[in-house]
Amino acid sequence: MKAALITGITGQDGAYLAQLLLTKGYKVHGLVRRSASADVIDTRLKWLGIADKIVLHDGNLTDITSLLRIMRDVKPNEIYNLGAQSFVKSSWQQPLLTGQVTGMGTTNMLEAMRIESPEARYYQASTSEMFGLIQAERQSETTPFYPRSPYGVAKLYGHWMTVNYRESFNLHASSGILFNHESPLRGIEFVTRKITNGVAKIKLGLSGQLSLGNIDAKRDWGHARDYVEAMWLMLQQETPDDYVIATGNTTSVRDFCKLAFDYVGLKMENHVVIDPTFFRPAEVEVLLGDPAKANTRLGWKAKTTLEELVSEMVDADLRRLKQGAVL
């Protein structure tokens with residue numbers, strides 16, 4: 001039985017990845033950062049019905065001693081580093097923390113792997129936010145990076161450290177440059193989930209309006225369930241490499257919002273209010289990924305349409321609100 005170690009296992013991607021690996025017969029271990037919200041930390045794992053099938057370990061990406069201990073105990077065959085301070089807005093409010101967790105945390109993971117589990121295979125969660133001020137209409141593995149937030153900068157540091165450790169120490173370390181991927185497990189602080197939860201509240205008469213920022217920003221949106229499969233496929237390759245994971249289509253926040261309102265039979269213009277306080281100091285206006293390399297070498301392609309994604313998220317939020325559940 002293969003053993004997999006996932007950082008960020010209680011997040012959206014970590015939960016779906018854990019579910020996938022369990023179906024493939026892995027023993028799944030997760031790193032958990034203990035906090036005051038420890039009583040609800042495994043909510044997503046419970047939502048998928050897998051919380052009792054995973055071994056959780058106390059640790060922190062900023063504490064390499066805990067990472068060394070966990071590596072020694074787990075002896076993982078595969079390591080998926082999904083943990084990060086991953087909310088772009090918060091990265092301006094907490095740039096040093098973002099750098100320590102998202103950037104230096106990656107180096108801590110790579111160093112712990114090099115010392116304790118050099119034969120393991122490693123996946124680094126890179127991001128399309130590294131492209132930022134785009135240098136090409138469609139972004140591929142060869143497009144220059146130009147991050148526009150402390151989060152993007154920290155992720156870029158982690159990305160290049162992964163390349164450096166791969167080339168310097170011959171580690172099987174790959175990076176997935178994932179474009180935006182959403183699901184019913186997305187955090188409420190992200191705009192897509194804010195939209196679907198807001199639409200559900202309005203449909204149920206719990207609210208009358210939805211406040212948003214720049215609704216003309218465009219993103220390449222896919223389903224997290226599809227994207228975690230690409231993570232796994234990268235670590236099954238004989239040679240490590242970096243891959244853009246995307247749908248190849250871009251959609252504005254405005255159109256995402258319209259899809260959600262249309263799905264429940266409401267008119268977006270009657271409920272959406274633009275609030276300048278939600279605008280970013282430096283905006284990433286457009287992101288559009290080119291997944292050709294992943295399509296060809298991994299045999300991977302996004303399966304879920306945007307319409308299917310939006311309807312699944314709205315349905316889940318309607319169900320949660322009716323049940324009084326929290327996520």
Side-chain angles (χ1 to χ4, degrees), residues 8 11-20 43-44 47-49 82 86-88 125 127-129 138-139 176-204 210 212-233 243-266 268 271-272 284 286-291 294-295 298 300-322 325 327:
Q12 168 189 256
D13 294 7
Y16 279 116
L17 177 61
Q19 183 183 52
L20 174 69
T43 303
R44 291 179 177 86
W47 177 270
L48 296 179
L82 313 184
S86 58
F87 188 36
V88 176
T127 171
S128 59
E129 289 288 328
R138 292 172 66 89
Q139 297 86 58
I177 306 173
L178 270 58
F179 279 64
N180 295 67
H181 46 290
E182 318 300 321
S183 77
L185 300 187
R186 187 48 126 172
I188 197 71
E189 69 272 19
F190 291 85
V191 68
T192 50
R193 179 74 197 294
K194 181 179 180 180
I195 289 170
T196 60
N197 186 67
V199 167
K201 282 185 172 181
I202 293 169
K203 180 64 177 177
L204 295 175
L210 173 62
L212 297 172
N214 179 14
I215 62 174
D216 293 316
K218 294 182 177 181
R219 294 293 183 270
D220 185 330
W221 275 302
H223 198 302
R225 188 172 50 232
D226 295 342
Y227 284 37
V228 299
E229 183 181 9
M231 300 176 188
W232 177 78
L233 285 169
Y243 296 88
V244 161
I245 304 300
T247 70
N249 300 299
T250 191
T251 306
S252 67
V253 175
R254 182 190 300 274
D255 287 340
F256 187 104
C257 196
K258 187 176 186 304
L259 283 172
F261 275 103
D262 287 350
Y263 180 67
V264 297
L266 297 173
M268 167 184 161
H271 302 284
V272 172
V284 176
V286 182
L287 289 172
L288 173 60
D290 179 0
N295 296 165
L298 302 179
W300 178 88
K301 190 173 183 180
K303 301 171 184 174
T304 309
T305 67
L306 183 63
E307 290 77 10
E308 290 169 340
L309 170 64
V310 172
S311 61
E312 184 181 342
M313 291 178 68
V314 172
D315 283 339
D317 278 319
L318 285 168
R319 188 162 67 252
R320 275 190 285 254
L321 288 167
K322 289 175 183 178
L327 179 62

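Both backbone and side-chain heavy atoms feed into the values below; hydrogens, waters and symmetry mates do not. Worth saying up front: this structure is predicted, and the values here are computed from it rather than measured.
- Between Val244 and Ala294, the closest heavy-atom pair is O-CB, 3.7 Å.
- Taking the ring axis of Phe190 as reference, the NZ or CZ atom of Arg193 does not stay both within 45° of it and closer than 6.0 Å to the ring centre.
- To the nearest 0.5 Å, atoms CZ (Phe261) and NE2 (His271) are separated by 6.0 Å.
- Just one of Val199, Ile195, Thr192 meets the side chain to side chain contact (heavy atoms under 4.5 Å, CB included) condition when paired with Met313; it is Thr192.
- Without hydrogens or angle criteria, Asp290 side chain to Arg138 main chain gives no donor-acceptor distance under 3.5 Å.
- Residue Asp262 holds its CG atom at 12.5 Å from OG of Ser311, rounded to the nearest 0.5 Å.
- Proximity of a side-chain donor or acceptor of Gln12 to a complementary backbone N or O of Ser183 within less than 3.5 Å is detected.
- Of all non-hydrogen atoms in Leu298 and Ala230, the two that sit nearest each other are CD1-O, 4.2 Å.
- Of the inter-residue distances, the one linking Leu20 atom CG with Tyr227 atom OH reads 15.5 Å to the nearest 0.5 angstrom.
- For Leu210 against Lys194, the heavy-atom pair with the smallest separation is CD1-O, 3.7 Å.
- Checked for salt-bridge contact, Lys258 and Asp255 miss the test: no charged N lies under 4.0 Å from a carboxylate O.
- No donor-acceptor pair closer than 3.5 Å links the side chain of Arg254 to the backbone N or O of Ala217.
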> Can you check side-chain contact (heavy atoms from CB on, under 4.5 Å) on Leu327 and Ile188, steps first, answer last?
Replying inline: CA-CA 7 Å; Leu327 179 62; Ile188 197 71; over 6 Å; no
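- Taking CH2 of Trp221 as the start and CG of Leu287 as the end, the distance is 10.0 Å to the nearest 0.5 Å.
- Within the model, atoms OH of Tyr243 and CE of Met231 stand 15.0 Å from one another, a figure rounded to the nearest 0.5 Å.
- In this structure, the separation between CG on Leu204 and CG on Leu318 is 5.0 Å, given to the nearest 0.5 Å.
- Partners of Trp300 according to the side chain to side chain donor-acceptor pair (under 3.5 Å) rule, which considers only residues two or more places apart in sequence or in another chain, do not exist here.
- Tyr263 is not listed as a side-chain neighbour of Glu307, based on a closest heavy-atom distance of 4.5 Å or more.
- When every heavy atom of Ile215 is checked against every heavy atom of Met268, the shortest pair comes out as CD1-CE, 4.0 Å.
- Remark: Asn180 pairs with no residue by the side chain to side chain donor-acceptor pair (under 3.5 Å) rule, at least two apart or across chains.
- By the 30° and 60° cut-offs, the orientation of the rings of His223 relative to Tyr16 is perpendicular.
- Heavy atoms only, all atoms of each residue included: Ile202 and Leu266 are closest at CG2-CD1, 3.7 Å.
- With respect to the salt-bridge test (charged N to carboxylate O, under 4.0 angstrom), the residues Asp317 and Lys201 do not qualify.
- Taking a cutoff of 4.0 Å between a charged side-chain nitrogen and a carboxylate oxygen, Lys301 and Glu229 do not qualify as a salt bridge.
- Of all non-hydrogen atoms in Leu321 and Ala200, the two that sit nearest each other are CD1-CB, 3.5 Å.
- Lys218 places no side-chain N or O within 3.5 Å of a backbone atom of Thr251 that could act as its donor or acceptor partner.
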>> Under the criterion side-chain contact (heavy atoms from CB on, under 4.5 Å), I'd like the reasoning laid out for Phe179 against Gln139: C-alpha separation, chi angles, the key distance, then a yes or no.
In response: CA-CA 10 Å; Phe179 279 64; Gln139 297 86 58; 3.5 Å; yes
>> As a quick check of understanding, evaluate side-chain contact (heavy atoms from CB on, under 4.5 Å) for Leu17 and Leu82, giving each step before the final call.
In response: CA-CA 10 Å; Leu17 177 61; Leu82 313 184; 4.0 Å; yes
>> Would Glu312 and Arg225 count as a salt bridge (charged side-chain N to carboxylate O under 4.0 Å, His left out) here? Give the steps.
In response: CA-CA 12 Å; Glu312 184 181 342; Arg225 188 172 50 232; 3.3 Å; yes
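- At a threshold of 4.5 Å between non-hydrogen side-chain atoms, the residues Val272 and Leu212 count as touching.
- The backbone N or O of Ala246 lies less than 3.5 Å from no partner atom in the side chain of Asp220, so there is not a single donor-acceptor pair.
- Taking the side chain to side chain donor-acceptor pair (under 3.5 Å) definition, one finds that Asp226 meets it with Thr304, sequence neighbours left out.
- In this structure the side chain of Val253 never reaches within 4.5 angstrom of the side chain of Asn214, judged on heavy atoms.
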